There are 2 protein chains.
Amino acid sequence: MDSSSARKRGRPPRAFDGQLDTRQALVRAGVAVLTEKGFAATGIDEVLRAVGVPKGSFYHYFASKEGFGAEVIDAYAAYFARKLDRFLRDPVLPPLERIRAFADDAERGMRRHGFRRGCLVGNLGQEMAALPEPFRHRLLAVFEDWQARMARCLEEARTGGGLRPDADCGALAAFFWIGWEGAVLRAKLEQDAAPLRRFTEGFFRSLPLAGPHA
Amino acid sequence: MDSSSARKRGRPPRAFDGQLDTRQALVRAGVAVLTEKGFAATGIDEVLRAVGVPKGSFYHYFASKEGFGAEVIDAYAAYFARKLDRFLRDPVLPPLERIRAFADDAERGMRRHGFRRGCLVGNLGQEMAALPEPFRHRLLAVFEDWQARMARCLEEARTGGGLRPDADCGALAAFFWIGWEGAVLRAKLEQDAAPLRRFTEGFFRSLPLAGPHA
């Protein structure tokens, strides 16, 4: 460590008053950076720099990079669950239209960030071979949560007569998230929203829609 | 560099006679390691160790880690194109059954490697934010190649009356690879083949099959 960062160690960080704010700011910055680059390619330094926290003080807030990563996953999961509910429980739209609205919003979001940011859970899932094993269960639990929220929306469509009565909403929701993560990955790679739209179209083609006279 | 590796620099590597063999062995080891862990998390040392090549001699074979990565992508693409043709051009099976046979083989392959290895192109695509920019076009070209091979198979199904005459085989093939990469990612994360099967089922449900009397 160079003398300037040694000198800074322990001093309160520039932009925040309390410890809680700094922790939160570090987690928030972690969400942004990990959504873009994943875990392995992200240096703690980069996160600290984004928040203006001196290098020496990271371990004042987190026990390890792994502990930090776990909190970042939780923060992203909470943020994304709120976003999903905003769309998938929107009483103004019919259930299947809510899924389209979510996909349209995701497209706008990726475009806003120049297709650099994808899905933090997808990124970390892809890196799993190089990540701490406890992350696996955490990431799977997040996918299960999203799947349950999507399944509830599809069940509403089934109850409302949009989907056939024998539609397996759990399986359809699982299919959605499996493919959606692929679509986000591909949209990042192409720096274009076409893969999101192409997947959404394919997903809707795969739905067992109720006939017009059902 | 420690004295033992300095001493080894320039000596012929243990397990191979010619330079060409060593290069090929390094690329082959690179394919295995990058299919498991991606690019950022892979150290050159690990690849060298796998082949038994002394640390100092990497730059004798490759100009940079980036140049090595590019060759690894090309080698994987060539390997995978051969595999795809073996399935998607199999004259013994009807075209749509060939796609199922490919998916079944992928499942066996992932199981054989304990669900640690996924798709090298998917891995690197996910890491793109942290990778050299020229990789992007290389990876996209690989997806386009796979897509063209899949589209040809679907066109055979259309010609043979398995798919409706208005089926957009290019769009269906794009949908397949977008979602398939998501399925491979999820299968790695779950250490289970269920996501591959679930995606394949959804893909088949999405196909515009010709009616029984078409």
Side-chain angles (χ1 to χ4, degrees), chain A residues 33 35-42 115-119 121-131 135-137 139-140 143 168 170-192 194-208, chain B residues 33 35-42 115-119 121-131 135-137 139-140 143-144 168 170-172 174-192 194-208:
Chain A
V33 182
T35 302
E36 193 160 323
K37 303 199 333 185
F39 192 75
T42 296
F115 295 99
R116 286 185 313 278
R117 294 195 189 167
C119 171
V121 174
N123 286 356
L124 270 59
Q126 191 72 296
E127 297 184 77
M128 199 51 230
L131 296 187
F135 280 21
R136 180 189 310 285
H137 300 287
L139 296 171
L140 285 174
F143 278 131
D168 182 343
L172 294 170
F175 174 62
F176 179 84
W177 289 113
I178 288 168
W180 181 257
E181 288 296 329
V184 171
L185 153 66
R186 187 70 171 274
K188 272 175 79 174
L189 188 62
E190 295 192 11
Q191 304 187 316
D192 193 283
L196 300 178
R197 270 179 256 141
R198 189 144 273 167
F199 176 74
T200 305
E201 282 162 26
F203 173 72
F204 273 92
R205 270 201 319 274
S206 82
L207 290 179
Chain B
V33 182
T35 302
E36 192 160 324
K37 303 198 337 185
F39 191 75
T42 296
F115 295 99
R116 286 185 315 277
R117 294 194 189 167
C119 171
V121 174
N123 287 356
L124 270 60
Q126 192 71 294
E127 295 184 77
M128 199 51 232
L131 295 186
F135 280 20
R136 181 189 310 285
H137 300 287
L139 295 171
L140 284 174
F143 277 131
E144 271 160 34
D168 182 343
L172 294 171
F175 175 61
F176 179 84
W177 289 113
I178 288 168
W180 181 256
E181 288 297 329
V184 170
L185 153 65
R186 188 69 171 274
K188 271 175 80 175
L189 189 61
E190 294 192 11
Q191 304 187 318
D192 192 284
L196 300 178
R197 271 180 256 142
R198 190 144 270 168
F199 176 74
T200 306
E201 283 162 25
F203 174 72
F204 273 92
R205 270 201 318 275
S206 83
L207 290 179

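What you see is a predicted model; the values in this text were computed from it and never measured. Hydrogens, waters and symmetry mates are skipped; everything else that's a heavy atom, side chains included, is used. Each chain gets a letter, A, B and so on, in the order the sequences are listed, and its residues count up from 1.
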- Task: Decide yes or no on side chain to side chain contact (heavy atoms under 4.5 Å, CB included) for Leu140(A) and Arg186(B), but give the supporting numbers first.
- Result: CA-CA 9 Å; Leu140(A) 285 174; Arg186(B) 188 69 171 274; 4.3 Å; yes
- Message: Looking only at heavy atoms and a cut-off of under 4.5 Å, which of Ala194(A), Cys119(A), Ala174(A) has the most pairs with chain B?
- Response: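 If we count pairs closer than 4.5 Å to chain B, Ala174(A) comes out on top.
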- Message: I need the residue from Gly38(A), Ala40(A), Pro195(A) with the largest number of non-hydrogen atom pairs under 4.5 Å to chain B.
- Response: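 When all of Gly38(A), Ala40(A), Pro195(A) are compared, Pro195(A) has the most.
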With a 4.5 angstrom heavy-atom cut-off, which part of [X] approaches chain A: side chain, backbone, both or neither?
X: Phe135(B); value: neither
X: Trp177(B); value: both
X: Glu127(B); value: neither

- Item | Interface moiety of Phe176(A) toward chain B, non-hydrogen atoms closer than 4.5 Å |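 Contact with chain B involves no heavy atom of Phe176(A) at all.
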- Which bit of Glu190(A) is near chain B, if near means a heavy-atom gap under 4.5 Å: side chain, backbone, both or neither?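 When you check distances to chain B, atoms from both the backbone and side chain of Glu190(A) fall under 4.5 Å.
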Which atom of [X] lies closest to which atom of [Y], heavy atoms considered:
X: Leu185(B); Y: Gln126(A); value: CD1-N, 3.1 Å
X: Phe175(A); Y: Arg198(B); value: CD1-O, 3.8 Å
X: Gly202(A); Y: Ser206(B); value: O-CB, 3.6 Å
X: Lys188(B); Y: Arg136(A); value: O-NH1, 3.3 Å

- From Glu201(B) CD over to Leu172(A) CG, what is the distance, rounded to the nearest 0.5 angstrom?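 The CG atom of Leu172(A) is 10.0 Å from CD of Glu201(B), to the nearest 0.5 Å.
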- Item | Interatomic distance, Leu189(A) atom CG to His137(B) atom NE2 [nearest 0.5 angstrom] |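 The distance works out to 9.5 Å.
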- Residue, of Ala187(B), Gly118(B), Gly125(B), that accumulates the most heavy atom pairs under 4.5 Å with chain A: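 Of the options given, most contacts go to Gly125(B).
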